[in-house]
Protein chains: 2
Amino acid sequence: MATRTRRAERREEPLSRERIVEVAVELLDAAGEGGLTFRALAERLATGPGAIYWHVANKSELLDAATDALVAGALEARDARSPKSPRDGIRAVALGLYDAIEVHPWLAVQLATQLSRSPWQPVTLRIFESVGRQVGALGVPENSWFTATSALLHYILGAAGQNAANAVSGRALGPGSSRAQFLDDASKTWEALDPDDYPFTRAVAAQMRDHDDREQFLAGVALILTGMTAAPPSSA
Amino acid sequence: MATRTRRAERREEPLSRERIVEVAVELLDAAGEGGLTFRALAERLATGPGAIYWHVANKSELLDAATDALVAGALEARDARSPKSPRDGIRAVALGLYDAIEVHPWLAVQLATQLSRSPWQPVTLRIFESVGRQVGALGVPENSWFTATSALLHYILGAAGQNAANAVSGRALGPGSSRAQFLDDASKTWEALDPDDYPFTRAVAAQMRDHDDREQFLAGVALILTGMTAAPPSSA
DNA sequence: ACCTGAACACCGTTCAAGT
DNA sequence: ACCTGAACACCGTTCAAGT
């Protein structure tokens, strides 16, 4: 409520698409997809709901724009540091997405939605390109570039989504050792499962208790890299 | 509008949770998540919206129940055929989920939502167990069971989601050769991308045009199996 | 115990009207 | 060209009332 700033520096920005996306991300971060509302958006932007439709076609497009902005940001931040090796490059891209999803958990579902709505939207393509360049530099035979890059892409998105959720669950339980507590509880739940129905899950309950999300995530990446660079087995 | 059947055989089933889930799946198949509405559900079940809440806590639980039912079905169908080898077993589970997502595309997003909401829901656990048993039988060192199974799980869900979407996109364009046409169009789009921004994507445009979704999906599974069974490289 | 259906609060989207 | 805000159609959910 400043009485009047010199030139209304940023109080009365004229409502741009960028500004709308920016506030949309804030709402999504605060309360997930349910938190993004044209009315809430309008209130924060000191305008009416209808005004937003001048800059954005509908909610779906707004969600896409928010996703695109964050993914582009995550990838650029990683591309900037020219990696020492292709392996490092892949790790960097993977961790960039991992971190982005950890900060903005709604991204995981949003990416899955875009992927399944129609594959190869701009966002997916951006990630595909970013991962693929490193795959190409890795010495993988050219005729398996597409397969290898796709496999990596799917793993990264899926695993980042779950591990990020893991991290959030742990955090939600409070500060300090709650993360360990969370894993311990989950592990005990696994050990209490029916031995006939869940023998395997019971067997790895301890591994799951002791795992670190980030390490686990990178171990998966390493596993796929191994598969890509090893000679494929006899029959596929 | 039959005037009166002998004993109201199945006309007037007393509205059970199973029946509700069954109709929910029909609605989801017909029009995606937007198609599932308590009012539409009530109409199809010849009752009021409130009645449904006697059997189901809310929409989210209903969605979970529908997902659980279909995943359980897909996994049981595969478990029944005792596989010749662990590799075959993994392929069978993977394809079972692939097919389920192809028939019910909304499953992909729903699984991602469950995964990211909190990991290790019943559905995830079921898949994890199913995949993990075969991983255990594969001769993978026990201390990497958790990592290996997680990697496979994430790949399967992510890739099945995208490839199934691919299949649906192709189908939506009409019968016959439209699938090839769809891939051809997409491939041309890739070739027309900016050479500076998308060198890799342009380079694999032809591979993407010629790929078969199902083969591609299985090639990814094979790649991860290779990575699991090969000795890991020096530094991970 | 189970069902009915009106009512509540809230949503995305539209659009005539303003500047 | 861009914004306003009431209005429309629709949604999930609740709940007093019925059987």
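Below, chains carry the letters A, B, ... as their sequence lines are ordered, and counting in each starts from 1. Model, not experiment: these values are computed from the prediction.
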Next item on the list: Heavy atoms under 4.0 Å is the rule here; annotate nucleotides 13-19 of chain D 5' to 3' with B where the base is hit, S where only the sugar-phosphate is, and - elsewhere.
Entry: BBB----
Notebook entry, point to check: Atom CD1 of A:Ile52 to atom C1' of C:dC11: distance rounded to whole Å?
Noted result: 13 Å
Margin query: For a quick test of reading the model: is some side-chain N or O of B:Trp54 closer than 4.0 Å to OP1 or OP2 of C:dC2?
Written below: yes
Next item on the list: Give the rounded distance in Å between these two atoms: CD of B:Glu33 and C1' of D:dC11.
Entry: 12 Å
Next item on the list: Applying side chain to side chain contact (heavy atoms under 4.5 Å, CB included) between B:Leu152 and each of B:Val93, B:Ile90, B:Thr147, report the one that passes.
Entry: B:Ile90
Next item on the list: Using the test side-chain contact (heavy atoms from CB on, under 4.5 Å), find all partners of B:Glu215 that sit at least two apart in sequence or belong to another chain.
Entry: B:Asp212
Check: Tell me: CG of A:Leu41 to P of C:dG12, nearest whole Å?
Finding: 9 Å
Next item on the list: Sequence neighbours left out, what passes ring pair (Phe, Tyr, Trp, His ring centres under 6.0 Å) with B:Phe200? Give chain and number order.
Entry: A:Phe128, A:Trp145
Note to self: Under a 3.5 Å distance rule, please check whether B:Arg202 uses its side chain to pair with a backbone N or O of B:Glu191 as donor and acceptor.
What the structure shows: yes
Item checked: Rounded distance in Å - CG (A:Leu27) to C1' (C:dC11) -> 14 Å
Check: Under 4.0 Å between a Lys/Arg side-chain N and an Asp/Glu carboxylate O for B:Glu61 and B:Arg17?
Finding: yes
Next item on the list: Decide if the gap between the ring center of B:Tyr155 and the ring center of A:Tyr155 is smaller than 6.0 angstrom.
Entry: no
Notebook entry, point to check: Mind checking what makes ring pair (Phe, Tyr, Trp, His ring centres under 6.0 Å) contact with B:His55, not counting sequence neighbours?
Noted result: none
Next item on the list: Scan for salt bridge (charged side-chain N to carboxylate O under 4.0 Å, His left out) pairs involving residues 36-57 of chain B, sequence neighbours excluded, and state none if there are none.
Entry: B:Glu26-B:Arg44
Next item on the list: For A:Gln121 and A:Asp64, test the side chains for any donor-to-acceptor distance below 3.5 angstrom and give the result as yes or no.
Entry: no
Next item on the list: Figure out the CG/C1' separation between B:Leu15 and C:dA1, and round it to whole Å.
Entry: 13 Å
Margin query: Using whole Å, what does the distance between atom C1' of nucleotide D:dG5 and atom CD of A:Glu43 come to?
Written below: 14 Å
Next item on the list: Return the stems involving DNA chain D, sorted by first number, where pairs are Watson-Crick (N1-N3 with N6-O4 or O6-N4) or G-U wobble (N1-O2 and O6-N3), both under 3.5 Å, and runs are 3 or more long.
Entry: C:4-8 with D:12-16, C:12-16 with D:4-8
Next item on the list: To the nearest Å, give me how far apart CZ (B:Arg19) and P (C:dC3) are.
Entry: 13 Å
Check: Could you state the NE2-P distance from A:His55 to D:dC2, rounded to the nearest angstrom?
Finding: 6 Å
Check: With sugar-phosphate meaning primed atoms plus P, OP1 and OP2, does A:Leu36 contact a base, only sugar-phosphate, or nothing at under 4.0 Å between heavy atoms?
Finding: sugar-phosphate
